[in-house]
Amino acid sequence: MKLAEENGVYEKGRSEEDRLLMLMKTGDQEAFRRLYERTAKGIYSYALSILKHPQDAEEVMQDTYLTAWNQVNQYESEGKPMAWLFTISRNLCYMRLRRQKDHPQISYEELEEEEPGELCARIELAPEKETLLRALAALTEEERNIVLLHDAGEMKHREIAEYLECPLPTVLSKYRRALKKLQKLVDKNMEVGNNGL
């Protein structure tokens with residue numbers, strides 16, 4: 001604890017994630033575990049929004065934390081710990097996509113055939129999962145990222161804005177627009193399903 005205090009880990013204004021990363025620099029494995037518990041959903045959701053395949057997203061999520069542990073000394077505390085983790089995740093996602101470029105991409109519709117894992121429980125437990133996945137596929141990549149980071153990853157809009165490096169009002173308006181699109185698509189699909197009975 002003394003070493004952590006000397007390193008300024010407990011300065012006012014530091015986020016919990018920032019503190020945990022600073023503690024990890026001292027080899028604190030408990031800090032690593034707590035960081036994982038606090039941020040894994042967001043990292044998984046972000047990876048899923050890029051890779052569109054649950055198993056790949058889970059592997060990238062695991063690799064993100066291994067990389068963070070091994071490269072934590074490169075972390076500079078600037079109040080953006082999630083941006084640092086998302087940058088690692090994004091780089092790993094794009095490396096994976098480059099390796100797989102000869103293989104066809106898996107669509108959101110095909111996700112229902114996979115086992116998404118517990119971190120994607122909100123989508124997995126949705127009563128009309130197929131409808132929701134089709135609606136998500138109809139969003140732009142940026143809209144899908146914002147929705148998944150907020151709703152599945154439980155990130156605050158402010159954190160999403162910092163990560164995406166765009167103004168908070170832009171994130172809020174895109175989030176609202178995406179939700180309206182999703183609602184419209186889900187309602188339309190439900191209407192079609194009910195008329196088919």
Side-chain angles (χ1 to χ4, degrees), residues 15 17 38-61 64 79-97 100 104-196:
S15 70
E17 291 80 7
R38 290 178 67 90
T39 61
K41 282 186 188 177
I43 297 297
Y44 174 82
S45 299
Y46 180 67
L48 182 62
S49 75
I50 295 172
L51 299 170
K52 300 175 180 60
H53 189 279
Q55 185 176 348
D56 287 346
E58 286 189 27
E59 288 174 13
V60 163
M61 179 190 68
T64 297
K80 296 184 179 180
M82 290 305 294
W84 187 70
L85 289 172
F86 279 122
T87 299
I88 293 170
S89 181
R90 182 187 65 218
N91 292 341
L92 291 169
C93 285
Y94 290 139
M95 282 171 39
R96 182 174 286 258
L97 289 173
Q100 297 175 344
Q105 291 298 311
I106 294 174
S107 69
Y108 267 90
E109 288 81 9
E110 291 172 275
L111 287 176
E112 67 189 35
E113 298 168 9
E114 302 294 329
E115 179 55 49
E118 64 182 20
L119 292 177
C120 208
R122 282 188 171 180
I123 290 175
E124 179 65 10
L125 297 175
E128 294 294 331
K129 182 176 64 168
E130 185 177 336
T131 300
L132 178 58
L133 292 172
R134 282 198 181 115
L136 280 170
L139 298 178
T140 67
E141 184 178 349
E142 187 174 38
E143 289 170 339
R144 192 166 47 248
N145 282 346
I146 290 170
V147 168
L148 286 171
L149 289 171
H150 181 69
D151 292 339
E154 299 178 0
M155 285 181 70
K156 295 179 178 140
H157 289 109
R158 176 184 45 77
E159 294 170 326
I160 297 169
E162 285 175 11
Y163 172 66
L164 296 177
E165 296 180 351
C166 67
L168 179 59
T170 303
V171 168
L172 290 169
S173 68
K174 287 187 177 190
Y175 178 74
R176 282 193 293 271
R177 192 175 327 128
L179 286 186
K180 284 180 185 174
K181 274 191 200 176
L182 284 172
Q183 189 63 55
K184 198 181 233 181
L185 289 163
V186 169
D187 288 348
K188 183 178 177 183
N189 197 312
M190 297 300 282
E191 219 173 85
V192 169
N194 289 338
N195 289 339

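Computed from a prediction, not measured in an experiment: that's the story for all the values here. Side chains included, hydrogens not; waters and symmetry mates left out as well; all remaining heavy atoms used.
- How far SG of Cys93 is from CG of Leu48: 9.5 Å, rounded to the nearest 0.5 Å.
- Using cut-offs of 30° and 60° for the angle between ring planes, the His157 and His150 rings count as parallel.
- Distance CD1/Ile50 to CZ/Arg144: 10.5 Å, rounded to 0.5 Å.
- In terms of heavy-atom proximity, Arg158 sits nearest to Leu168 at N-CD1, 3.7 Å.
- Taking CD1 of Ile146 as the start and CG of Leu172 as the end, the distance is 9.0 Å to the nearest 0.5 Å.
- Closest approach of Cys166 and Val171 over heavy atoms only: SG-CG2, 3.4 Å.
- Judged by distance alone, with hydrogens and angles left aside, the side-chain atoms of Ser45 form a donor-acceptor pair with the main-chain N or O of Lys41 at under 3.5 Å.
- Contact check for Thr170 versus Pro167: side-chain heavy atoms found under the 4.5 Å cut-off.
- The side-chain heavy atoms of Tyr44 and Val60, taken from C-beta on, include no pair separated by under 4.5 Å.
- Under the 3.5 Å distance criterion, the side-chain polar atoms of Glu159 are matched with a main-chain donor or acceptor of Lys156.
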For this session: Determine, step by step, whether Thr64 and Phe86 satisfy the side-chain contact (heavy atoms from CB on, under 4.5 Å) criterion, reporting the C-alpha distance in whole Å, the side-chain angles of both residues, the deciding distance to 0.1 Å, and the verdict.
Result: CA-CA 8 Å; Thr64 297; Phe86 279 122; over 6 Å; no
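- The distance from the OG1 atom of Thr87 to the CE atom of Met82 is 10.5 Å, given to the nearest 0.5 Å.
- Sorted by first and then second residue, the salt bridge (Lys or Arg N to Asp or Glu O under 4.0 Å) pairs with a member in residues 171-181 read Glu142-Lys174, Glu143-Lys181; sequence neighbours excluded.
- Here Tyr46 contributes atom OH and Arg90 contributes atom CZ; the two are 5.5 Å apart, rounded to the nearest 0.5 Å.
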